[in-house]
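Structure first, then comments.
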Amino acid sequence: MRIDKYLWCTRYYKTRSIATEACKKGHVKLDGANVKPSKEVFNGEKLTIRKNQINYEMIVLDLPKNRVGAKLVDLYRKDVTPQEAFENQELLKYSKDYYRKKGTGRPTKKDRRDIDNYNDEDFDF
C-alpha cells in the first residue's frame, strides 16, 4: 500500500492529498529516511510523522483495505511516540501565553508607558 494512502486510511490526515503534501514536504519518514508519497509501506516498518509540532512515531502492524473507523485504528498501527513529545507541546503552549494575543493590534499608550516604566526600573542603580 502507498504510504500516503496508509496515512489517510489510519486517520493521520483528513484527506489523501494532505497526506501526499506532507510526504512531499518531508514530514513523513520511513525508518529515518524521507519518503515519496508513492513509497510502499509494509508490516513492521517504523514511521515518523511530524504533525502539529509533534513527531509521532508508530509501527505498522497491518494494512487496511479502506479507511477505518477511529476505534479500529489501533488494529493497524502501534503508537510508540515518547511522552516527552507531548510534554514539550504543553510547554510551548505556556510560552505562547506570555506574549500578546494575535490580533490585539499595536500597544496602546498605556501599554507603551508600562513597558517604558518596566525598562526604567531595570536600570536604576
Taking atom CG of L61 and atom CG of N43, what is their separation to the nearest 0.5 Å? 7.5 Å

OH of Y76 to CG of L63, rounded to nearest 0.5 Å, is 9.5 Å

Given side chains that start at C-beta, do those of N55 and T81 come closer than 4.5 Å, heavy atoms only? no

Value for SG (C23) from CZ (R2), rounded to nearest 0.5 Å, stands at 8.5 Å

Might you point out which heavy atoms bring Y6 and V41 nearest each other, and give the distance in Å? CB-CG1, 3.9 Å

I'd like to know if Y56 and I18 are part of one continuous hydrophobic network [Ile/Leu/Val/Met/Phe/Trp/Tyr, side-chain heavy atoms within less than 4.5 Å]. yes

In Å, rounded to the nearest 0.5 Å, how long is the span from CZ of R77 to CD1 of I49? 9.0 Å

Distance in Å, L75 CG paired with T10 OG1, rounded so as to fall on 0.5 Å steps: 12.0 Å

Side chains of T20 and D4, donor plus acceptor under 3.5 Å: yes

CZ/R67 to NZ/K14 distance, rounded to the nearest 0.5 angstrom? 9.0 Å

State yes or no: do I54 and L7 share one hydrophobic cluster built from I, L, V, M, F, W and Y residues joined by side-chain heavy-atom distances below 4.5 Å, directly or via other members? yes

Where do R16 and K5 land on the side chain to side chain contact (heavy atoms under 4.5 Å, CB included) test, with the steps shown first? CA-CA 6 Å; R16 191 164 165 192; K5 186 174 182 182; 3.9 Å; yes

Check salt bridge (Lys or Arg N to Asp or Glu O under 4.0 Å) between R11 and all other residues, then give those that pass, not counting sequence neighbours. none

Look only at the side chain of E40 and the backbone of M1, and say whether a donor-acceptor pair between them is shorter than 3.5 Å. yes

Do M58 and I3 share a hydrophobic cluster, counting only Ile, Leu, Val, Met, Phe, Trp and Tyr and linking them when any side-chain heavy atoms are less than 4.5 Å apart? yes

Tell me whether the guanidinium CZ or amine NZ of K51 lies under 6.0 angstrom from the six-membered ring centre of Y13 and within 45° of its axis. yes

Would you mind writing out the side-chain donor-acceptor pairs for residues 26-37 within the sub-3.5 Å range, not counting sequence neighbours?
unit_1, atom_1, unit_2, atom_2, d
H27, ND1, R50, O, 3.4
K29, NZ, N34, OD1, 2.9
D31, OD1, K46, N, 3.2

Taking side-chain contact (heavy atoms from CB on, under 4.5 Å) as the test, write out the residues that go with K109, two or more places apart. R112, R113

